[in-house]
Amino acid sequence: MLLIRCPYCEMERPELEFRYGGEAHVVRAAEPETIGDEAWGQFLYLRSNPKGLHAERWRHTNGCGRFFNCLRDTVTDRIFVTYKAGEPRPELAS
Amino acid sequence: MRTGNGGRVDRSRRINFSFDGRAYQGCAGDTLASALLANGVHLVGRSFKYHRPRGFVAAGSEEPNALVDIDRGNGRSAPNLRATQVELYEGLVAKSQNRWPSLAFDLQALNDLAPAGLFGAGFYYKTFMSPRGAWHRLYEPFIRRVAGLGHAPKLPDPDHYSQRYAHCDVLVVGAGATGLAAALAAGETGAAVILADEQAEMGGGLLDERTASIDGLSAANWVGATLARLAAMPNVTLLPRTQAFGYYAQNFLGLAEKLTEHLAAPDKSQPRERLWKVRARQVLLATGAIERPLVFPDNDRPGVMLASAARTFANRYGVRPGERAVVFVADDTGYGAALDLHAAGTEIAVIADLRTAPSGPGFEAASGTGLRIMPATVVTGVSGNLRVSGVTLGSLAADGTVRGGEKIVCDLVLMAGGWTPAVHLFSQSRGKLAYDSERQIYLPGTYAQAAQSAGACNGTFELAQAIAEGHAAGAVAVGTPGTRSFAVTGAIAPAGGFHGAVPHDRNPEQVKAFVDFQNDVTAKDIKLAVREGMHSIEHIKRYTTTGMATDQGKTSNMNGLAIASAALDKPIPDIGLTTFRPPFTPVTFGTLAGHSRGALLDPVRQTPMHGWAAANGAKFEDVGQWKRAWYFPKPGEDMHAAVNRECRAARSAAGLFDATTLGKIEIVGPDAAEFMERLYTNPWHKLGIGRCRYGLMLNEAGFVMDDGVIGRLAADSFHVTTTTGGATRVLAHMEDYLQTEFPELKVWLTSTTEQWAVIAIQGPKAREIIAPLVEGIDLAAETMPHMSVREGSICGVPTRLFRVSFTGELGFEINVPADHGRAVWEAVHEAGVPHGLTPYGTETMHVLRAEKGYIIVGQETDGTVTPSDLGLDWAIGKAKKDFVGKRSLKRPDLVKTDRKHLVGLLTADPKVVLEEGAQITVEASPATGTPALGHVTSSYWSETLGRSIAMALVAGGKGRMGATLHVPMPDGGIAVTVTEPVFFDKEGGRINA
Ligand SMILES: [Zn+2]
């Protein structure tokens, strides 16, 4: 079970309190009607699914209820950073 | 076979037990394995495929053969327990597994003589492939019978199991020399330390030492003194009989502690096992190493065991596992075992050393004792079936060839193939292993988590070094680095070792040299797998089944790799390593389930009216976690009769229905209407205050996700209802869009599902019945039409009164604060009885709504259905610029005309009620493989119409009105006519009454 830091509650809480929300930074177009079929299909269904660092959404469902984003390594499950919804994906110091 | 003295058993306390129905005696402190060996019993199992007789290979958790079933009666039984880990108690009843009719005479041992290849590598994929259909009829039952392991208990488990969380600074896994030193170093600083060990007694390999001393104390005394110091530290928790079975992310480990397994008469109030969920700042792995068997022909005969196991039996349990032993060594520790057995009174016939020029302290000591040592010598065969009776030796030439040699009579053969570090938990932690090509072992390399390894699991085999390394690691773990040295004498360290198949001079087609005892995999099988194209170890593993099942390759892993490496002519690290998966040893389901069984498995949700329904004879059905009244049978009525009566009452007078489980969300704020506009397909800005609308919710892909009636209470306030099952999902979906896509909207969402009790009254007399109870609301049809909502009071209780209908009748849904639900329900019921008001359940609700063609999301839909497929185009706000799912409705696949559409079906014979889920085809008896046009989604007997009705999703259904299709069933196709999915009161006169 992961320990996840909620950037709103500002504390680490057990994974049981959270719900996974898929890849982060998948932006819904402001005017979907202007998007072509191909691009819209990609928006709906295609995700990067990387082996390694992944920006993903989580929701503190059984806590503050807020959505936030998280950089996690999909191989080791290590969580590098969590950040509030709307903030840009942080650059990790290598 | 019990030695005169020594060891850790109490010879004065005799323990009675039985094995396969025969009575034996052991001593206090024995395991089932040591007690059986003390009675001269080696034959304890039959192998998985070939049913070859098998004995003990090991003395601990790596034992692959001696799996037994322990039965305490009354459902207290457990299969597949390793006899080497079962502590003896008075009255223990153990049975062997996988034999028929008996261990000594097993008819299926004929498998051993089966034509070569029948059970060879890939036999699952080859032998049982044809003829078609034979798998279920013939092969599977056969395999289950011949290749089964234990049997699952048939009675419910009467015991209870406990679980707990624990947090610590340092978790030390393994309480051998290294782990004890580590726990000591960490514990002395006051840090919170948990020390877990799988064995009943802590001390690990030190308990097997005869001659070793540490800091002037005998090994056993050093263990005792160290444990006493640890036990005196309040910050240290000692967990014996506790297997660390799983290592998960962020230093989260699962530990299974056995609490009562070793007791003759466990206290029933005590849990049987406890699951520890440990979060550790630092993990210190001191899991030791596992000795490798040597792979030579017939190395599986009972009486062939690991040298270290024989040593454990002799030194720790005071048991001589044989009278005359041949010791086959490739590693120095074999000499230590030979010396210890010699001291215990076992005659050492010969020590055959695979190496050309053995040397070192073990060799010196054995020579000095006068034991016969043959260098460059291998075992090429074993005689004896149920027990070893002798071996054939061969001499190994420099070019690897073997020349036949001497036959030696013996009843015990020891294998000392070298040591494999137990890196299972490290590997589970996602650490990267590094290959030590010098010693041909995998060692912990790059760590993925805050952990250290020390001692033999880290490749540090020498005792003094291992203790010092453990101590240093313990100090590092608590942030106070420091070193300490330990003075060790009399211990023989591992040196040497061999991997792969031992050369021999026999016909390779005619011998079986086992690599994996538990899965019956031989060296030949692995070579065959390579020849048949399996070049990755993951493929070889699956093709041969080596390293699978409960064993997880503990003794077989490295030999298997080495044989594959030789066959592929590639270095070991190039062919990869299979993944180590939890659990390290099997964990019972009881432990994992803990208290989450029976009534405690899942919460039960009941409505405020539940007690009334129960008192009035309702049958309930489970809808998610909810208990919903299903129907209310009167004495003598079956479900069909009750539902027919309830339907008649609702259509002719009125019915009373508990709709509390509907999800309810209060949507409030200046942008509430705009938010609704974006989340539902319908237009909301112009919905009048006090009016309701049927709302349809799509996911972004354009598929129907939920629906419900929504009332506007004020310009900035909506009362949303959702399906019973969709309540949580819908709120999460709304929150998702509100927080992440439309954060600029000023809207607040509140779940009010449990705040309101909802009493639905439906039927022509509904208004008449509630009118006397309602205050402050004009119920007249002109002032309160269908699809409206008013606030007032009923029976003196505040209410949101909806005029809505899911039945097609004049109807109301009375929302009152949940605490008042039952009182209002009873008052309405009492007022309605003279009018014929009849309570009804979910089954009648389903029939009434189906008569009107109202869909149920999740029944008429399955996540691939669009509004248009359901004929709900009218619910889409065409003028709206955007809503969730709108863009997707124009995707090419979603506008195809041959999509599955919702239609009605009427059977030619009105008495025939179709089966829900049944497939629909053009032909009555279509050819096998004909794709179905769709399926029946809802089907009922309609008492109102005096015939059956059904709804279905049918490809191109809108274009098939009036057509005859068929529902093929085992006894013939049922002819149906395609219709509109509305069967009753199409004009809607009743609903607007
Ligand atoms: Zn939070």
Side-chain angles (χ1 to χ4, degrees), chain A residues 1-5 7-8 12-16 18-46 51-52 56-69 72-80 84-87, chain B residues 165 167 246-254 277-281 428-432 446-450 579 678 698-703 728-729 731-744 748-751 880-895:
Chain A
M1 182 168 52
L2 301 175
L3 277 182
I4 300 169
R5 181 179 169 82
Y8 296 97
E12 285 197 329
R13 305 295 300 167
E15 190 182 341
L16 291 173
F18 299 85
R19 178 163 293 193
Y20 183 67
E23 184 166 0
H25 307 298
V26 178
V27 180
R28 185 181 192 269
E31 296 187 8
E33 296 296 303
T34 64
I35 310 296
D37 284 333
E38 180 76 23
W40 188 255
Q42 292 195 355
F43 160 72
L44 288 178
Y45 295 114
L46 291 188
K51 180 178 181 180
E56 59 197 23
R57 307 178 337 132
W58 285 82
R59 185 182 178 210
H60 196 183
T61 316
N62 297 310
C64 64
R66 305 291 296 270
F67 280 86
F68 60 89
N69 296 329
R72 180 179 63 98
D73 187 314
T74 58
V75 178
T76 62
D77 261 348
R78 181 174 165 197
I79 291 174
F80 288 89
K84 293 177 180 176
E87 291 179 358
Chain B
Y165 288 96
H167 299 263
Y247 193 148
Y248 309 96
Q250 292 165 314
N251 272 357
F252 188 67
L253 286 90
K277 306 181 198 181
V278 179
R279 182 82 64 180
R281 278 187 214 286
Q428 285 181 29
S429 81
R430 323 250 180 126
K432 280 205 184 75
T446 313
Y447 284 81
Q449 305 194 37
T579 312
R678 298 188 195 182
L698 307 185
N699 60 23
E700 195 68 271
F703 300 120
T728 313
R729 192 168 56 239
L731 183 60
H733 174 80
M734 288 179 168
E735 280 288 355
D736 192 344
Y737 277 89
L738 180 58
Q739 291 184 33
T740 68
E741 297 294 348
F742 315 132
E744 73 281 6
W748 287 266
L749 312 174
T750 309
S751 166
K880 289 169 64 171
K881 188 162 157 278
D882 188 18
F883 56 80
V884 175
K886 182 168 195 286
R887 170 64 187 85
S888 293
L889 293 178
K890 291 188 183 158
R891 298 188 68 226
D893 278 351
L894 271 60
V895 296

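Numbered from 1 within each chain, the chains take letters A, B, ... in sequence-line order.
- In terms of heavy-atom proximity, Asn62(A) sits nearest to Leu16(A) at ND2-O, 3.5 Å.
- With a threshold of 4.5 angstrom between heavy atoms, Asn699(B) does not approach chain A through any atom at all.
- Only the backbone of Phe883(B) comes within contact range of chain A, with heavy atoms under 4.5 Å apart.
- Listed here is the closest heavy atom pair of Ala85(A) and Tyr8(A): N-OH, 3.2 Å.
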Tell me, with the steps shown, if Lys84(A) and Phe68(A) meet side-chain contact (heavy atoms from CB on, under 4.5 Å). CA-CA 5 Å; Lys84(A) 293 177 180 176; Phe68(A) 60 89; 5.5 Å; no
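- Annotation: side chain of Arg13(A) is not in contact with side chain of Ile4(A) (no heavy-atom distance under 4.5 Å).
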Using the salt bridge (charged side-chain N to carboxylate O under 4.0 Å, His left out) rule, take Asp73(A) and Arg430(B) through it: C-alpha gap first, then chi angles, then the decisive distance, then the call. CA-CA 11 Å; Asp73(A) 187 314; Arg430(B) 323 250 180 126; over 6 Å; no
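- Within the 4.5 angstrom heavy-atom criterion, only side-chain atoms of Glu31(A), from C-beta onward, approach chain B.
- Closest approach of Ala249(B) and Leu2(A) over heavy atoms only: CB-CD2, 3.5 Å.
- Lys886(B) touches chain A through backbone and side chain together, each having a heavy atom under 4.5 Å away.
- Of all heavy-atom pairs between Tyr45(A) and Ala701(B), the closest is OH-CB, 3.4 Å.
- Of the two parts of Arg78(A), neither the backbone nor the side chain holds a non-hydrogen atom closer than 4.5 Å to a non-hydrogen atom of chain B.
- Proximity to chain B is limited to the side chain of Leu44(A), based on heavy atoms less than 4.5 angstrom apart.
- Contact of the Tyr248(B) side chain with the Met1(A) side chain is not registered, since no non-hydrogen atoms from C-beta on lie closer than 4.5 Å.
- At a 4.5 Å heavy-atom cutoff, the contact between Glu735(B) and chain A is made by backbone and side-chain atoms alike.
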Would Trp58(A) and Phe67(A) count as a ring-ring contact (aromatic ring centres under 6.0 Å, His included) if you check the C-alpha gap in whole Å, the side-chain angles of each, and the deciding distance to 0.1 Å? CA-CA 6 Å; Trp58(A) 285 82; Phe67(A) 280 86; over 10 Å; no
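- Heavy atoms closer than 4.5 Å to chain A are found in both the backbone and the side chain of Glu700(B).
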Checking side-chain contact (heavy atoms from CB on, under 4.5 Å) for the pair Arg5(A)/Glu12(A): CA distance, chi angles, key distance, verdict? CA-CA 4 Å; Arg5(A) 181 179 169 82; Glu12(A) 285 197 329; 4.1 Å; yes
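- No cation-pi contact links Arg678(B) to Tyr737(B), judged by a cut-off of 6.0 Å to the six-membered ring centre and 45° from its axis.
- Both the backbone and the side chain of Ser888(B) come within contact range of chain A, each with at least one heavy atom under 4.5 Å from a heavy atom of that chain.
- The stretch residues 32-41 of chain A places Pro32(A), Glu33(A), Ile35(A), Gly36(A), Asp37(A), Trp40(A), Gly41(A) near chain B, each with some heavy atom under 4.5 Å from a heavy atom of that chain.
- Relative orientation of the Phe252(B) and Tyr165(B) rings is tilted, given thresholds of 30° and 60° on the angle between their planes.
- The candidate with the highest count of non-hydrogen atom pairs below 4.5 Å against chain A, out of Glu741(B), Lys890(B), Gln250(B), is Gln250(B).
- For Arg19(A), no part lies under 4.5 angstrom from a heavy atom of chain B.
- Among Gln449(B), Lys881(B), Lys277(B), the residue making the largest number of heavy-atom pairs under 4.5 Å with chain A is Lys881(B).
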